Structure formats: structure tokens, C-alpha cells
Amino acid sequence: MSSTTRSALVIGGGIGGPVAAMALHRAGIEAAVYEAYASTADGVGGGLGLAPNGLAALDVIGVGDLVREIGTPTTDIVLQSWNGKRLGEFGSPPGVESARFVWRADLYRTLYDEAARRGVRTLHGKRLVAARETAGGVTAHFADGTTAEADVLIGADGIRSTVRALIDPDAPRPRYGGLFSFGAPVKDTGLPSTGGKMYMTFGKRAFLGYQVHDDSSGVWFVNLPHPGPMTVAEAARTSAEEWLRVLAAAFTGDRVPAADLLLRTDPGDLLIAGPMENMPRVPAWSRGRMVLIGDAAHAASSSSGQGASLAVESAVQLARCLRDLPHEEAFTAYQDLRRPRVERIIKEAERTNSNKAAGPVGRVLRDLLLPLVMKLNKPEKSAWQTGYRIDWDAPVSATPHPDGTRA
């Protein structure tokens, strides 16, 4: 059986969209990206981690090294309590490269420019409102009155995906994780280098992550418990100076360097990353000629450290499936390849979120049990996550193997 897909509409021009388009081009499928916003997303978003498996997926389409150049290696994650007690440390398994910390805006611009260099068209101001299947393809209808046609339509339009609602009007909506996120670069932290390690601290009232580079510059992020979801626009009504005061107050009494980092943060550099959300299990990833990738299908909370990496993996795997199979079989194979993995990672991240928002009793139990858990959690046990590799050249089978997998 061989592919009958020759063209694709990719809805959403964030991270997954241009990756999907470049992967489809490698698979011999013409693809263009349709972005709802009229302008590019330069300067939008906070920081994120790209795990080794995400970098490896980018290598498949030849952009891994471009992304490594804009990222900062994070060799290990050190967990500590509010009082500075070390709870554990973990890094990549032996033989697996380090993760990279990147600013989302830098990642976006790198992928956008490389896609354009390869001939991928990105059309702005194209907000999808409907999609209609025809005898030989699918037609996208945009709010500006224009349409576009192709063999398949791919929803890379994020956690509030329009394509997801078109596939299944009863699909679940994003679920708020109880935390709101902020971050910032700091030109001079006044602190010693953390030696490539990212420190993650369970404060009494908030969660702090930070890394200090050899030149004393650094980066921090804070997950602040908040009783209800708040949009970035709503949070922006409060001044950056006031937010920095609120965040500093959340770490009062904690023996961590939050006060120093916040004091040395230029209010103009404060990034409001937004609410931490994930998706409940999405029952239908595809219908007819439409399919979902990335956060539209499987939004893991940022606590997983895998959100962007999973989106990249899914984009590449979908391109493989469409390369080798007619779209109906390709969508089934794609879901078989992806769903077990992403849902396992999402489940583990939910436990991390619970630890971040723990109350007084929960904090005591966490700080007692986590060191024991970390001692048992050898790096090799995370190889299923970070050591995951996509074999681009392996053909995708329409029939699952006896173990349920496909090549």
C-alpha cells in the first residue's frame, strides 16, 4: 500500500506547524502553513526546554543543529525544598545528549526562517472557521473569506484548537492546572554559576526554577498557584513591577535565591507565560481528511519538560505515515504510534503539578518521600522518554505488529 497524499494544509504557525510542513516536504508532500494572526509571533512567549528526544526529531528534518545554536545546555535538574534541602538530581541517561533551554521566540523565529528558506509558504491572517471535505480533498474556509484546498488538513493550532472542534464538537477543552507562570532573563544575577544545572525549588507558596550561566547571567521561571484561570491579557493589566513584588512575597521565608533574582530583573524583561494547562484525553485525533498534532491533540503541562518535543515528534511521525499510507490508514497508524507515549508523559506531569501546589502536609510528605523516589529513579529509567528516536527510513506498516507497534 502506498500514499495518495500529495498536498497538505497546516493550520497553525507556532512550533509544530513549520516542523510539520518541513517534514511533509521531506516526505514529498507539498505543504503550506496558515496562521490566524496577521503578524509573526516575534517576542511572544517565555522559555521552554527541548528534551534530547525533541532535538533528535528535529535532526530528522535537518534543523536540530540550528536549534542547538540558540539553546543553552541544561545538563541536570536539581530538585530542592524551600529550605534549600536537596531532594534529588537527574539528567539524561548515559549516552544521551543534554536538554536545551530555549526562548520560545527564538525557537519560533529559527523554525519560521528555515521553513521559508526551504520554500514553505506561511500565510498570515488566515483564521480557520470551517472545513469541508470534497470528493478528492478538503477545503479550508477562513474568516477573511478566502479558501484553500489540499488532500489533507493538519491541525497544529494549539491547545484551543479550532480543528479539534471541527473533528469532534464534543471534544474536551483545556484543563487549568492551578498554576500561573512567569519568567525572565537576568543580565547579572550576582550569583555563582550553577554549572549547567537547572535548579527547581518547591517553595512554600510557589515553585521556582533557575539557571545561572558562567558569566553570571541567568534565567528564572515561577509557577504561582492561582485559584482560577487567568489569561495573559488579564495578567498584563497588572504592572510588571507589581508582579515582581507579588512573586517576591510568595518566597518570603524560603531559603532560595528568589529574592536576588527578582530584585535584579528588569521589569521590561518580565514574561507572562500564562496559565499552566493540559488537555484531558482527546478521544478523536482525526476524522475524514483532518488530523491533529501537538497541543491540539496532546497538550502536556510545562512540568513535563516535553511539550514542544512531543509536538515535534508527532509532526515528524505524521509525515512518515502520510508518506507511506493512504490518509485513512496513515492517521490510524500515526495515532497508534503516538497515543500511548504522549498519554504516559502527560500522566507523569500531572503528578509533578500536584507536588508544586502541595499544601503544608503535602510538602512534608513530598520532602520525605521524594529523595527516596529519586534514589530509585536511575537515569536509565527515563530512557523511554529522552532516548526515543524516530527511524525516518523505516516503512510504516498499515497492519500493527503483534506487540501493537508499527515501524
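No hydrogens, no waters, no symmetry mates; every other heavy atom, side chains included, goes into these values. Because the structure is predicted, anything quoted here is derived from the model rather than measured.
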Regarding Glu313 and Arg341, does a basic nitrogen lie under 4.0 Å from an acidic carboxylate oxygen?
yes
Once salt bridge (charged side-chain N to carboxylate O under 4.0 Å, His left out) is applied, what residue pairs with a partner in residues 149-163 remain, sequence neighbours excluded?
Arg160-Glu277
Would you please test Trp243 and Phe182 for ring pair (Phe, Tyr, Trp, His ring centres under 6.0 Å) and show each step?
CA-CA 9 Å; Trp243 274 125; Phe182 302 83; 4.8 Å; yes
Classify the ring geometry between Tyr210 and Tyr199 as parallel (under 30°), tilted (30 to 60°) or perpendicular (over 60°).
parallel
If you measure from CD on Glu241 to OG1 on Thr265, what distance do you get to the nearest 0.5 Å?
11.5 Å
Is the shortest side-chain heavy-atom distance between Phe331 and Leu322 below 4.5 Å?
yes
Given salt bridge (charged side-chain N to carboxylate O under 4.0 Å, His left out), test Arg6 with Glu30 step by step and report yes or no.
CA-CA 6 Å; Arg6 297 290 176 266; Glu30 184 65 28; over 6 Å; no
Separation between CZ (Phe251) and OG1 (Thr201), nearest 0.5 Å, reads 7.5 Å
I'd like to know if Glu343 and Lys347 make a salt bridge, using a cut-off of under 4.0 Å between side-chain N and carboxylate O.
no
Below 4.0 angstrom, N of the basic side chain to O of the carboxylate: do Lys126 and Glu35 qualify?
no
Given ring pair (Phe, Tyr, Trp, His ring centres under 6.0 Å), test Trp103 with Tyr108 step by step and report yes or no.
CA-CA 9 Å; Trp103 293 107; Tyr108 165 82; over 10 Å; no
Taking the basic N atoms (NZ, or NE/NH1/NH2) and the acidic carboxylate oxygens, is any pair closer than 4.0 Å for Arg109 and Asp113?
yes
Output for pair (Ser314 OG, Arg339 CZ), nearest 0.5 Å, gives 11.0 Å
Taking atom CZ of Arg338 and atom CD1 of Ile293, what is their separation to the nearest 0.5 Å?
10.5 Å
Residues which pass side chain to side chain donor-acceptor pair (under 3.5 Å) with Asp59, listed by chain and number, not counting sequence neighbours:
Arg68
Assess whether atom CG of Asp42 is packed by more than 12 heavy atoms of other residues, nucleotides or ligands within 6.0 Å.
yes
Can you tell me how far apart CZ (Arg100) and OG1 (Thr74) are? Round to the nearest 0.5 Å.
8.5 Å
